[in-house]
Amino acid sequence: MSNKNLKLLLPLISGLLTGISFIIPYFGFICFFSIVPLFYSILYCNNNSAFSSVFIFSFAFSLTSDIWFMNIGNDLTDNKLHAFFISLTIILLVSFVLALFHSIPFSIYKYIVSRKKIKVNVILLSFIYIFGEWITGVFPPIAFPWNRLCNIVSGITPFIQSASVLGGLFLSLIILCINGYLSIFLHFLIRKKFKESILAILCSMSIFLVNIIYGYAVMNNKFPEKENHSVLLVQGNYPKKEKWNHVPEEIVKAYIEIAESKMSDNPDIVIFPETALSANIFKDQTLLKVLTDFCVKHDTTIITGAQLKDEELIYNVCAVITSGGIHPDIYRKQILVPFGEYNPFGIFTFISSDFSAGKECVTINTDIGKIGSVICFESIFSDSVSECVEDGAEVITILSNDSWLGASIPLYQHHTHSIIRAVENRRYVLTSTNTGISSVVTPYGKILAETEKNTKSSVSAEFCMMENLSIYAFTGNIIIIPSCIIILYGSIKTFYRNKRK
């Protein structure tokens, strides 16, 4: 097969395999070799094709892993044919934009590469790639850092521990380096250069093993913890089209009934998901009394998602309800879902909601400690959670409503972000969702308890407040600095080369 065909086929295979590894739970290990074809196409087929190779890879990766976007059209129209074409248009557009953002940094690769330093090229490629992962989460309303490599391996607990040092992007960098040196191994093996191939696979294995050994070593050390507390997560399981057909009294009653069935565990806090309750709880004293009476009866605190109307503005909020009423500190969601919670360009009339964005992180002081919260879409942005921790949060709650995403794949994918956020910040993460997956995740990324998807249920577990900052919570994404230097250097070289022409 010609180099021209290979440089098209290999990235495509790589993208499809990597996408599959993110849509099937427990198949995350595939990403430790699925990116080998991409590296091979860039390193050995044509150095000048880095941009096109990464574009093909990223497009195929997004198209595969985000296949659940095909459900979105069903929420916009009852006509199945129209729904299909709307969904197809959305997934193609999203995949194209993400692939473009991801591949643009690789346009400078050919100006900084050295054919004699293939091992160095692997490092350069890996740093440029994580720059692409980072940049896809920077510019709203098109920011969508959903498909990061680190999330694919969230189930391999020892491997992800280094995220507490340099974040999820560092895990992606490690995965890329492993794949890069495997591609060198494959190249030399095909050419029967066994000495070079052995050195390459030793490099790949060493990177993997060092990270795993570090993970096990960290997991054997106990972090300083305060006293144990218990939490009850309540999963209402209201499909999107049905939820707002119920009157507020029915919804409050339903959540209270689910919680009552597990109150024998004496939870310190009970958590309802995103927008579990309507704006009425801030105005209707009868509804509020039902909730406060529940808190008095069981000596507990409710954390819930709700809608808050403030004059002409509507906010998606996290509110705390105690025996004394609504806590004065209310967190307003800062990062809204474009085209879902607000209309960024004002041209799409089918958007039913128009929320306003909050302006700041709010850490809520309660009787058991300081609670930080992020709401749904915000959990895929690592900075949102680390900002809460830096502000003093001793535990993180994630309130989510994924009913509009689909029944399976996106619920699993979204949950991987809860795991990575827990490890990055060394905090317990308490995730309460409408349709799943609700869970309690330890600072090591272990799942203590979780609900089944798409069921009306609840789950309880113990957790601890944590005070110490992880290195990542303190420094943030400093791993991106070398990437920025490489991109800047390559851009300068590109500019001067083009100027000479």
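Contact between A449 and V459 at its shortest, heavy atoms only, is CB-CG2, 3.4 Å. Of all non-hydrogen atoms in I419 and V441, the two that sit nearest each other are CA-CG1, 4.1 Å. Considering all non-hydrogen atoms of both residues, F39 and S183 come closest at CB-OG, 3.5 Å. Contact record, F139 with I135: CE1-CD1, 3.6 Å, taken as the closest heavy-atom pair. I303 approaches I371 most closely through the heavy-atom pair CD1-CD1, 3.6 Å. For S34 against N179, the heavy-atom pair with the smallest separation is N-OD1, 3.5 Å.
Of the possible polar contacts, none joining the E274 side chain to the T433 backbone as a donor-acceptor pair under 3.5 Å is found. In terms of modelled atom types and a separation under 3.5 Å, the side chain of S438 and the main chain of T451 share no donor-acceptor contact. At least one donor-acceptor pair under 3.5 Å links the side chain of E394 to the backbone N or O of K370. In terms of modelled atom types and a separation under 3.5 Å, the side chain of S230 and the main chain of N266 share a donor-acceptor contact. Put simply, the side chain of Q161 never gets that close to the backbone of M219: no donor and acceptor are under 3.5 Å apart. Checking side-chain atoms of H417 against main-chain N and O of W146 turns up a donor-acceptor pair under 3.5 Å. Although no hydrogens or angles enter the test, the distance criterion places no donor-acceptor pair under 3.5 Å between the side chain of S483 and the main chain of I128. E133 places no side-chain N or O within 3.5 Å of a backbone atom of C150 that could act as its donor or acceptor partner.
Using a 4.5 Å heavy-atom cutoff, the side chains of Y412 and I24 are not in contact. In this structure, the side chains of V320 and I269 stay at 4.5 Å or more apart for every pair of heavy atoms.
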Next on the checklist: With side chain to side chain donor-acceptor pair (under 3.5 Å) as the criterion, how do R426 and S164 come out once you've worked through the C-alpha distance, each side chain's angles and the decisive distance to 0.1 Å?
Outcome noted: CA-CA 7 Å; R426 294 303 187 197; S164 67; 3.1 Å; yes

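Counting non-hydrogen atoms of other residues, nucleotides and ligands closer than 6.0 Å to CZ of F474 gives a total of 12 or fewer. In the displayed structure, E260 atom CD is contacted under 6.0 Å by more than 12 heavy atoms of other residues, nucleotides or ligands.
Pairs passing the salt bridge (charged side-chain N to carboxylate O under 4.0 Å, His left out) check and including a residue from residues 456-472, sequence neighbours excluded, read K226-E467. Residue pairs that meet the ring-ring contact (aromatic ring centres under 6.0 Å, His included) test with at least one member in residues 257-276, sequence neighbours left out, are Y255-F272.
Between N79 and T77, the side chains place no donor N or O within less than 3.5 Å of an acceptor N or O (distance only, hydrogens not considered). Using a 3.5 Å distance cut-off with no hydrogens or angles, the side chains of S379 and H414 do pair a donor with an acceptor. At a cut-off of 3.5 Å, with distance as the only test, no side-chain donor of Y181 or S206 sits close to an acceptor on the other residue.
In this structure R421 satisfies the salt bridge (Lys or Arg N to Asp or Glu O under 4.0 Å) test together with E424, sequence neighbours excluded. Take F96 and apply the ring-ring contact (aromatic ring centres under 6.0 Å, His included) test, not counting sequence neighbours, and it matches F55. Every residue two or more places apart in sequence or in another chain that forms a ring-ring contact (aromatic ring centres under 6.0 Å, His included) with F381 is listed here: F377. Partners of F131 according to the ring-ring contact (aromatic ring centres under 6.0 Å, His included) rule, which considers only residues two or more places apart in sequence or in another chain, are W134.
Checked against the 6.0 Å centroid threshold, F32 and F159 count as a close aromatic pair.
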